[in-house]
Protein chains: 2
Amino acid sequence: MPQRDEPVPIWDRPEPPDKPALTPLSRAKIVRTAIALADAEDLSAVSLRKVAAALDAGPMRLYGYLSTKEELFDLMLDAVYGEILAEAPPSGDWQAVLREWALRMRAAVLRHEWVVDLLGGRPQLGPNVLAHLESLLSAVDGSPGFGHIDDAMRALHAINSYVVGALRAEITNARAERRAGQDEQQWQNANAPYLMRMLKTGKFPTLGKVVADATHPGPSVRFSEGLGIVLAGIEAQLAEQT
Amino acid sequence: MPQRDEPVPIWDRPEPPDKPALTPLSRAKIVRTAIALADAEDLSAVSLRKVAAALDAGPMRLYGYLSTKEELFDLMLDAVYGEILAEAPPSGDWQAVLREWALRMRAAVLRHEWVVDLLGGRPQLGPNVLAHLESLLSAVDGSPGFGHIDDAMRALHAINSYVVGALRAEITNARAERRAGQDEQQWQNANAPYLMRMLKTGKFPTLGKVVADATHPGPSVRFSEGLGIVLAGIEAQLAEQT
DNA sequence: GTCTCTATCGATACACCGTATCAGGCGAGG
DNA sequence: CCTCGCCTGATACGGTGTATCGATAGAGAC
């Protein structure tokens with residue numbers, strides 16, 4: 001603890017508290033604590049200062065292991081892909097493999113909701129992402145109907161886009177409902193009257209029908225249904241081009 | 001300009017420079033300047049202080065018109081939906097309407113790239129969003145094959161998820177390429193060697209095939225292809241349930 | 001017309017962020 | 001044993017969103 005002016009003679013000053021042991025760091029450890037913070041609260045709860053504090057270190061210590069906060073996010077996302085890859089590789093025809101992959105992705109996102117804030121937000125080149133992409137590509141490429149590698153790319157682009165968008169919507173919804181659960185009356189008092197007023201204007205007849213008649217399936221059913229639509233679309237496109 | 005200690009007698013102090021006229025504000029004006037800032041740079045360039053400064057006001061002045069920064073984002077996104085709604089409503093069968101809607105959405109996102117950072121990020125209940133949703137629902141509901149309102153919901157969920165995910169990926173890509181264009185050599189020197197090394201490990205044979213053989217279509221083609229897949233999937237699901 | 005009370009507004013202040021800078025401590029080389 | 005150089009991490013800076021609360025202007029009563 002150096003100080004510019006030192007009015008107290010050193011004999012009166014206590015020693016610095018025992019040298020904080022200087023716990024050794026590593027990227028793995030940093031990423032683990034960051035993920036723990038994000039799981040417990042939010043992505044916004046992940047600050048370099050908090051991560052460092054959780055590791056008994058000053059903020060700048062982390063810059064030996066990464067050069068930017070965004071790189072920390074990249075590592076976190078890659079670690080989640082690592083979780084998905086750790087499970088046994090799925091088997092079956094390409095539809096089964098793609099479906100299984102999407103479901104595992106969804107499971108991972110439910111474990112780590114903050115992932116949706118990162119998905120598709122930055123170009124991903126981490127080793128686990130590449131391995132994941134490879135396993136998807138190899139499952140699809142060479143299957144009956146997929147002649148050129150472009151066919152595989154088209155299919156993956158479609159299904160990946162769907163998964164990202166659907167998970168984003170689902171988590172957004174879950175967050176909103178959770179907040180609503182906390183202050184139920186606040187949400188009811190604030191948003192419901194507004195929506196009712198809008199509906200009563202008569203300008204949204206079909207929306208009214210939704211509110212009245214729609215059976216709202218659970219999120220996992222909805223996810224699965226959309227997945228079926230995209231898979232069916234891929235198959236239809238394959239059939240048509242022959 | 002009140003000051004705690006006032007050493008200079010008031011007679012010596014000049015009047016405040018002419019009263020800054022106190023430009024009248026409005027939500028519309030605030031949202032317009034915020035959008036201008038975001039268009040010019042980033043979402044991160046939109047800070048309450050900068051918006052207020054652009055309007056010759058102090059930061060806290062804005063809190064009379066909104067109570068949180070997130071509400072400003074909500075207004076911005078709703079305004080973009082307003083742009084989409086301003087065009088003449090599309091006509092044709094449900095496929096044509098959904099396709100046209102997706103293309104307009106994409107056009108809007110290309111005009112305002114920051115929209116992808118907001119899409120699906122918060123529950124959207126703005127009037128323009130509701131109107132938009134209504135127009136989509138009414139275009140689909142009642143079309144041949146769509147018996148129950150649930151069918152329309154399924155179709156919209158699928159296509160909306162795809163659009164969100166695909167646009168997110170496209171814009172992310174565009175941003176990366178733009179950065180790469182600025183420091184071409186930096187990107188080449190940093191990422192290309194890493195990728196080459198990864199490919200040369202032989203653990204990613206199919207990825208290698210992509211790099212070697214894939215024809216990389218332009219983003220608009222890719223978007224359109226994926227859109228076709230999802231539309232085909234919706235149709236297939238309709239046919240199957242009869 | 002004048003005085004008082006009240007409600008609004010916005011300057012100031014606070015806690016926090018990511019990260020540039022650079023003094024200080026520590027290890028290696030002479 | 002001394003000196004030099006590197007590396008580390010404390011400090012500092014410029015920014016953020018927003019709570020607080022004194023100043024101010026306007027309305028209402030006498």
Side-chain angles (χ1 to χ4, degrees), chain A residues 1-6 10 13 15-27 29-31 33-34 37-38 40-76 114 117-118 121-122, chain B residues 1-6 10 13 15-27 29-31 33-34 37-38 40-76 114 117-118 121-122:
Chain A
M1 285 75 201
Q3 270 151 255
R4 212 80 62 179
D5 324 330
E6 206 51 270
I10 197 180
R13 272 179 289 135
E15 279 205 60
D18 245 7
K19 276 266 182 179
L22 204 53
T23 36
L25 288 190
S26 68
R27 279 190 192 163
K29 223 177 281 194
I30 293 172
V31 171
T33 44
L37 279 174
E41 303 189 42
D42 237 352
L43 243 209
S44 71
V46 176
S47 77
L48 295 182
R49 297 165 125 95
K50 281 189 203 155
V51 172
L55 293 163
D56 282 323
M60 293 312 283
R61 184 96 184 273
L62 302 186
Y63 279 85
Y65 301 85
L66 15 110
S67 56
T68 237
K69 191 192 186 175
E70 307 230 302
E71 289 189 351
L72 174 58
F73 286 160
D74 291 346
L75 290 176
M76 290 168 71
W114 45 271
D117 300 318
L118 261 30
R122 284 180 50 112
Chain B
M1 284 73 199
Q3 269 152 254
R4 210 82 58 179
D5 324 331
E6 206 53 271
I10 201 191
R13 271 180 290 133
E15 277 205 59
D18 245 9
K19 276 266 183 180
L22 204 52
T23 36
L25 288 190
S26 68
R27 279 190 192 165
K29 223 178 282 194
I30 293 172
V31 171
T33 46
L37 279 174
E41 303 189 42
D42 239 350
L43 243 208
S44 71
V46 177
S47 76
L48 294 181
R49 298 165 123 95
K50 281 188 202 155
V51 171
L55 292 163
D56 283 324
M60 293 312 285
R61 184 96 185 274
L62 302 186
Y63 278 83
Y65 300 85
L66 10 114
S67 56
T68 238
K69 192 192 185 177
E70 306 231 301
E71 288 189 352
L72 173 58
F73 285 160
D74 292 346
L75 290 176
M76 290 169 71
W114 46 270
D117 301 318
L118 262 30
R122 283 178 52 107

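In what follows, every chain begins at residue 1, and chains take the letters A, B, ... in the order their sequences are listed. What you are looking at is a predicted structure, and each value in this text was computed from that prediction instead of being measured.
- Judged as a salt bridge (charged side-chain N to carboxylate O under 4.0 Å, His left out), and not counting sequence neighbours, the contacts of Glu70(B) are Arg122(B).
- Considering only side-chain atoms of Lys50(B), the nucleotide from dT18(D), dT16(D), dT19(C) that sits closest is dT16(D).
- The CG-P distance, from Leu66(B) to dT18(D), rounds to 10 Å in whole Å.
- In this entry the distance linking CZ of Phe73(A) with C1' of dG18(C) reads 11 Å, nearest Å.
- When all heavy atoms of Leu43(A) and Ala38(A) are compared, the pair lying nearest together is CD2-CB, 4.5 Å.
- A straight line from CG of Asp56(A) to C1' of dT8(D) spans 17 Å, rounded to a whole angstrom.
- At whole-Å resolution of the value, CD1 in Ile30(A) and C1' in dG18(C) are 15 Å apart.
- In this structure, Asp42(A) places its CG atom 15 Å from C1' of dC17(C), rounding to the nearest Å.
- Residues Phe73(A) and Val46(A) form a side-chain contact, since some pair of their non-hydrogen atoms from C-beta on lies under 4.5 Å apart.
- Here the P atom of nucleotide dC17(C) and the CG atom of Leu37(A) are 11 Å apart, to the nearest Å.
- Side-chain proximity of Tyr63(A) to dG17(D), dG18(C), dT12(C): nearest is dG18(C).
- Atom C1' of nucleotide dG17(D) and atom CG of Leu43(B) are separated by 15 Å, given to the nearest angstrom.
- Look at CZ on Arg61(A): it is 17 Å from C1' on dT11(D), rounded to the nearest Å.
- Comparing dT20(D), dT16(D), dT19(C) by their nearest atom to the side chain of Met60(B) picks out dT20(D).
- Under 3.5 Å, the side chain of Arg49(B) and the base of dG15(D) form no donor-acceptor pair of N or O atoms.
- Applying the 4.0 Å criterion to OP1 and OP2 of dT19(C), one finds that Thr68(A) has a side-chain N or O inside that range.
- Side-chain N or O atoms of Thr68(A) include none that pairs as donor or acceptor with a backbone N or O of Glu71(A) at under 3.5 Å.
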